[in-house]
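Worksheet for the structure shown next.
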Amino acid sequence: AQSVTQLGSHVSVSEGALVLLRCNYSSSVPPYLFWYVQYPNQGLQLLLKYTSAATLVKGINGFEAEFKKSETSFHLTKPSAHMSDAAEYFCAVIMDSNYQLIWGAGTKLIIKP
Amino acid sequence: GAVVSQHPSRVICKSGTSVKIECRSLDFQATTMFWYRQFPKQSLMLMATSNEGSKATYEQGVEKDKFLINHASLTLSTLTVTSAHPEDSSFYICSALSTSGVDNEQFFGPGTRLTVL
């Protein structure tokens with residue numbers, strides 16, 4: 001079955017430090033890949049998406065992600081964490097033509113002062 | 001552009017009553033909308049796929065008679081939770097896929113918090 005794995009349900013970094021949130025997917029065909037952010041009691045906001053163009057994708061709020069086909073990964077990074085980055089982050093994939101998103105379990109990003 | 005609204009944002013109801021949640025695409029047409037349910041500290045669970053003018057497709061384990069979905073127009077889908085019970089309390093989120101299907105991106109509503117007493 002197709003799946004998306006986010007390594008680490010919680011990631012804690014210091015303010016100003018590098019943020020790395022991991023996402024791996026299982027697929028034999030090129031997927032569409034997305035990262036979403038969710039603040040408490042709110043809906044989801046798209047951070048960035050990969051759609052078979054450039055493998056390094058830049059998103060909002062200084063985030064970027066790199067699609068690595070050989071590793072079936074789409075890890076999310078940000079060079080310098082800010083307190084406002086504290087939220088839940090979800091990786092999601094569309095792997096076939098029914099447009100359904102397959103979701104990772106989410107990673108809660110905690111920013112330490 | 002690509003704004004999706006949900007109404008209401010919060011609703012509290014008594015057990016046994018029905019609640020309707022609306023999902024609207026405000027500035028684009030959506031042939032397909034999705035309804036998700038999210039439990040605290042968990043990821044989104046797809047409940048059903050709603051296609052304009054046809055019956056919704058429900059995921060396994062989702063009761064279609066309890067969660068009624070209607071997608072009557074290209075900008076509106078509704079989810080009705082019938083005879084709601086406390087276990088139906090959850091955060092319900094809809095998303096919409098534009099008719100142009102740009103990059104297969106779904107646009108999400110802000111969610112509806114349902115509390116059943």
Rounded to the nearest 0.5 Å, how far does [atom2] of [Y] lie from [atom1] of [X]?
X: A/Gln38; Y: B/Phe91; atom1: CD; atom2: CZ; answer: 6.0 Å
X: B/Gln106; Y: A/Leu44; atom1: CD; atom2: CG; answer: 10.0 Å
X: A/Leu101; Y: B/Leu97; atom1: CG; atom2: CG; answer: 9.0 Å
X: A/Tyr36; Y: B/Ser95; atom1: OH; atom2: OG; answer: 7.5 Å
X: B/Thr49; Y: A/Gln100; atom1: OG1; atom2: CD; answer: 4.0 Å

Treating Ile, Leu, Val, Met, Phe, Trp and Tyr as nodes and any side-chain heavy-atom pair under 4.5 angstrom as an edge, say whether [X] and [Y] lie in one connected cluster.
X: A/Tyr39; Y: A/Ile111; result: yes
X: A/Val4; Y: A/Leu33; result: yes
X: A/Phe63; Y: A/Tyr50; result: yes
X: B/Phe34; Y: B/Leu76; result: no
X: A/Val13; Y: A/Trp35; result: yes

* Side chain, backbone, both or neither: which part of B/Gln38 has an atom under 4.5 Å from a heavy atom of chain A? ->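 It is the side chain, since no backbone atom gets that close.
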* Quick one: what part of B/Leu46 sits under 4.5 Å from any heavy atom of chain A, side chain, backbone, both or neither? ->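 Side chain of B/Leu46 only, per the 4.5 Å heavy-atom cut-off to chain A.
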* Asked: Does atom CG of A/Leu48 have more than 12 heavy-atom neighbours from other groups under 6.0 Å away?
  ->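 Yes - once you tally the heavy atoms of other residues, nucleotides and ligands closer than 6.0 Å, there are more than 12.
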* Tell me, yes or no, whether the heavy-atom count around B/His85 atom NE2, taken from other residues, nucleotides or ligands under 6.0 Å, exceeds 12. =>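 Yes - once you tally the heavy atoms of other residues, nucleotides and ligands closer than 6.0 Å, there are more than 12.
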* A/Glu88 versus chain B, heavy atoms under 4.5 Å apart: side chain, backbone, both or neither? ->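 A/Glu88 has no heavy atom closer than 4.5 Å to chain B.
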Going by atom type alone, with no hydrogens or angles, which donor-acceptor pairs under 3.5 Å involve a side-chain atom of residues 72-79 of chain A and a protein atom two or more places apart or on another chain?
{"residue": "A/Thr72", "atom": "OG1", "partner": "A/Tyr25", "partner atom": "O", "Å": "3.3"}
{"residue": "A/His75", "atom": "ND1", "partner": "A/Cys23", "partner atom": "N", "Å": "2.9"}
{"residue": "A/His75", "atom": "ND1", "partner": "A/Cys23", "partner atom": "O", "Å": "3.4"}
{"residue": "A/Thr77", "atom": "OG1", "partner": "A/Glu64", "partner atom": "O", "Å": "3.4"}
{"residue": "A/Lys78", "atom": "NZ", "partner": "A/Asn61", "partner atom": "O", "Å": "2.9"}
{"residue": "A/Lys78", "atom": "NZ", "partner": "A/Asp85", "partner atom": "OD1", "Å": "3.0"}
{"residue": "A/Lys78", "atom": "NZ", "partner": "A/Asp85", "partner atom": "OD2", "Å": "2.8"}

* Asked: Which residues from residues 54-71 of chain B are near chain A, with near meaning under 4.5 Å between non-hydrogen atoms?
  ->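 Expected list: B/Glu59.
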* To do: Give the minimum heavy-atom separation between A/Phe90 and B/Gln42, together with the two atoms involved.
  =>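 Looks like CZ-O, 3.9 Å.
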* Asked: Under the 3.5 angstrom rule, does the side chain of B/Ser43 hit a backbone N or O of A/Gly104 as a donor-acceptor pair?
  ->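 Judged by distance alone, yes, a pair lies under 3.5 Å.
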